[in-house]
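Reviewing the structure listed below.
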Amino acid sequence: MSAPAGTIHIYNTLTRRKEPLATIEPGRVRMYVCGVTPYDAAHIGHGMSTTVFDVIRRYLEHRGYAVRHVQNFTDIDDKIIARANAEGIDPNELTEGLIAQWHAETAVLNALPATVYPRATQEVGPIVAMIEGLIANGHAYEVEGDVYYKVRSFPDYGKLSGRDLDDLLSGARIEVDERKADPLDFALWKAAKPGEPSWQSPWGPGRPGWHIECSAMSSTYLDGEVDIHGGGADLIFPHHENEIAQSEAFLGRQPFARYWVHNGLVRLGGEKMSKSLGNFVRLREILDRGLGPAFRLMVLQGHYRAPLTYTEEGLLAAERGLGRLRAAADPAPNGLPSDPVPPGLGTPAGPTGADLEQAAAEADRGFHEAMDDDFNAPVAVAALFDLARVVNRARAEGTPPGAVEPARRKLVELAGVLGLTLDPLTPDGAGDAGPFVDLLLKVRGELRAAKQWALSDMIRDELAGLGIAVEDTAQGASWERRRG
RNA sequence: GGCGCCAUAGCCAAGCGGUAAGGCACGGGUUUGCAAAACCCUGAUCGGCGGUUCGAAUCCGCCUGGCGCCUCCA
């Protein structure tokens, strides 16, 4: 095992600086990541966010923290109601299906499941209680069945997004609702319109506003105080700003969350990808092609706070790179058995076991230094590639498998910390065709033995056309299914 | 109009004061019956102009070009 020693530093959107991680409880991290509003299929922006926070969580756990990871579903809102109406189904039916799909897709992405997945519709009690508290302490008011948050009552409003209330007003893109005391006030509770799903409340039937559910759920599931509060950069304003206003006004203390962490947004064609712009790629399109791992690597090769420019070319480049890592991580490359020769003994050629152990130690150190520094995954990944090169070179130069093994294991271990599984592709992916491919290659082996090059090459070319890559080695032919 | 971010080799992308990580692609090799895979070699002075400094891609100013938020959004 590795023995990381440094302190983890995290960039905090609130202070705009990297800060050493100091958790509320030693050895424990309370992490709240804003989940989705399930009204449509997940796109790759959700995939990026999921991957980013999965890696953060995995790394924290790797460093010994017990992470309580809460991720919500905001399963009631205008868009859900509109979509359900359009499809002629109940909103619950819509969200149930999409939430099930979400779980399936994030599992394929190899994201660890959250500790808890609370849903807004199942937390109405705590939500109502919080709104009542905000009215009681003067931070909210009711108007005709709606309840609004009084933005001017919270002096710190704007501290997360760096905004000034008067500047916001001059933005002038806020709809004027004469019933609100201030145009910037936002809804905590919306009175039900005819035909809409609703819950009973002291202000009549209605439903929660957009931001209050996260305040209530983080309070309920993380005892009102959060270590890491995360989400996409597009949530900084107004969502997280409003969450702070609600939670800190309600709890009467601050900070409600210590570290605000935001991932950069996926760009497509030079601009932000989003459902509202209509320029999105569904996550499923990538997963169905078996490129989930490549997607993860693509995300990891950029910094989590920087925007990620998504292109098909970039995804395939990641898949190629992943292939190299997989080759190095393969315990029995090209059919070679990984014999149990002790490291450092009688190495006839190539780097010695000691060389490889040193390379593994260097990779380990580089990896942890990078990840400790605000989860600098691209640098950590570079350490993986460096180690992979050392492993492949050693094999090429004749270092015995046993001497290579420690470095190979280190590669698999570190990749695993990032959620990258480096299993070889060979067995899966071809389904029932596997035995037939084996048979063809057996025949081809006979042809090659007889130097029937034209025929044997034809078999190889035809298989390539079917997406099966054949490689000849000293130990015979191996094959794998190409992804992409 | 307000707030903020970015501009690094063909593409993607780290670095954030001491003389440019990594990935993909391209080209040249080694290996191979030929391939593939793997390995080796090869490429940038960091958008432009000034300034600070012994020293700047890294700090400051201006310019140009992108982008995000201010409205639902991971």
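Naming convention: chains lettered A, B, ... in sequence-line order (proteins, then strands); numbering from 1 in each chain. Computed from a prediction, not measured in an experiment: that's the story for all the values here. Basis for what follows: all heavy atoms, side chains included, without hydrogens, waters or symmetry-related copies.
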Not counting sequence neighbours, which residues clear side chain to side chain contact (heavy atoms under 4.5 Å, CB included) with [X]? List them please.
{"X": "A/N85", "value": "A/I81"}
{"X": "A/R409", "value": "A/E405"}
{"X": "A/A388", "value": "A/L325, A/A328, A/L411"}

Indicate, with a heavy-atom threshold strictly under 4.0 Å, whether [X] touches base, sugar-phosphate, or nothing.
{"X": "A/G35", "result": "sugar-phosphate"}
{"X": "A/A382", "result": "base"}
{"X": "A/V33", "result": "nothing"}
{"X": "A/L265", "result": "base"}
{"X": "A/V52", "result": "nothing"}

Exercise. Does anything in residues 298-308 of chain A reach RNA chain B, meaning a heavy atom under 4.0 Å, and if so which residues?
Worked result: A/Q301, A/G302, A/H303, A/A306, A/P307

Exercise. Of A/D386 and A/A327, whose closest RNA chain B nucleotide lies nearer the 5' terminus?
Worked result: A/D386

Exercise. Mapping A/R393 and A/S161 onto RNA chain B by nearest heavy atom, which one lands closer to the 5' end?
Worked result: A/S161

Exercise. Looking at the rings of A/Y117 and A/H103, which for Trp means the six-membered one, are their centres under 6.0 Å apart?
Worked result: yes

For this session: Would you please indicate yes or no on a ring centroid separation below 6.0 angstrom for A/Y149 and A/H211?
Result: no

If you only use heavy atoms from C-beta on, which nucleotide in [options] is closest to the side chain of [X]?
{"X": "A/R389", "options": "B/C39, B/A74, B/G2", "value": "B/C39"}
{"X": "A/F237", "options": "B/A74, B/C69, B/A38", "value": "B/C69"}
{"X": "A/T309", "options": "B/A74, B/A13, B/G23", "value": "B/A13"}
{"X": "A/N392", "options": "B/A38, B/A74, B/G33", "value": "B/A38"}
{"X": "A/H46", "options": "B/G33, B/A13, B/A74", "value": "B/A74"}
{"X": "A/C34", "options": "B/G33, B/A74, B/C67", "value": "B/A74"}
{"X": "A/N376", "options": "B/A14, B/A74, B/C70", "value": "B/A14"}
{"X": "A/R460", "options": "B/A14, B/A35, B/C69", "value": "B/A35"}

Take atom [atom1] in [N] and the same atom in [M], then report the distance between them in whole Å.
{"N": "B/G43", "M": "B/G50", "atom1": "P", "result": "29 Å"}
{"N": "B/G1", "M": "B/G51", "atom1": "C1'", "result": "31 Å"}
{"N": "B/G22", "M": "B/U30", "atom1": "C1'", "result": "24 Å"}
{"N": "B/G47", "M": "B/U32", "atom1": "C1'", "result": "46 Å"}
{"N": "B/A20", "M": "B/U45", "atom1": "P", "result": "11 Å"}
{"N": "B/A57", "M": "B/C16", "atom1": "C1'", "result": "8 Å"}
{"N": "B/A9", "M": "B/C46", "atom1": "C1'", "result": "10 Å"}
{"N": "B/U8", "M": "B/G23", "atom1": "C1'", "result": "15 Å"}

Please determine, for [N], whether a Watson-Crick or G-U wobble partner exists with both distances under 3.5 Å, and give it or none.
{"N": "B/U31", "result": "none"}
{"N": "B/A56", "result": "none"}
{"N": "B/G4", "result": "B/C67"}
{"N": "B/C62", "result": "B/G48"}
{"N": "B/U19", "result": "none"}

Round to the nearest Å and state the distance from [X] atom [atom1] to [N] atom [atom2].
{"X": "A/R163", "N": "B/G4", "atom1": "CZ", "atom2": "C1'", "result": "8 Å"}
{"X": "A/E241", "N": "B/G68", "atom1": "CD", "atom2": "P", "result": "21 Å"}
{"X": "A/L447", "N": "B/A35", "atom1": "CG", "atom2": "P", "result": "20 Å"}
{"X": "A/H211", "N": "B/U71", "atom1": "NE2", "atom2": "P", "result": "10 Å"}
{"X": "A/M371", "N": "B/A14", "atom1": "CE", "atom2": "P", "result": "14 Å"}
{"X": "A/R324", "N": "B/C24", "atom1": "CZ", "atom2": "P", "result": "5 Å"}
{"X": "A/L235", "N": "B/G4", "atom1": "CG", "atom2": "P", "result": "20 Å"}
{"X": "A/L14", "N": "B/C3", "atom1": "CG", "atom2": "P", "result": "19 Å"}

Problem set entry | N/O donor-acceptor pair, side chain A/D457 with base B/G33, under 3.5 angstrom | yes

Quick one: list whatever passes salt bridge (Lys or Arg N to Asp or Glu O under 4.0 Å) with [X], sequence neighbours left out.
{"X": "A/E19", "value": "none"}
{"X": "A/R163", "value": "none"}
{"X": "A/R119", "value": "A/E96"}

Pair up each side-chain donor or acceptor in residues 456-464 of chain A with any protein partner under 3.5 Å, not counting sequence neighbours, and list the distances.
unit_1	atom_1	unit_2	atom_2	d
A/S456	OG	A/Q452	O	3.3
A/S456	OG	A/W453	O	3.1

Problem set entry | Residues A/Y32 and A/E243: side-chain donor-acceptor under 3.5 angstrom | no

Exercise. Would A/F385 pass as stacked on B/G23, i.e. its ring centre under 5.5 Å from the base's six-membered ring centre and planes under 30° apart?
Worked result: no

Are any protein N/O atoms closer than 3.5 Å to N/O atoms in nucleotides 25-32 of chain B? If there are, list each pair with its distance.
unit_1	atom_1	unit_2	atom_2	d
B/A25	OP1	A/R320	NH1	2.4
B/A25	OP1	A/R320	NH2	2.7

Problem set entry | Under 3.5 Å donor-acceptor, A/R408 side chain and A/A329 backbone | yes

Exercise. Counting only heavy atoms not in A/R179, do more than 12 fall under 6.0 Å of its CZ?
Worked result: yes

Problem set entry | Presence of salt bridge, A/D78 and A/R207, under 4.0 angstrom | yes

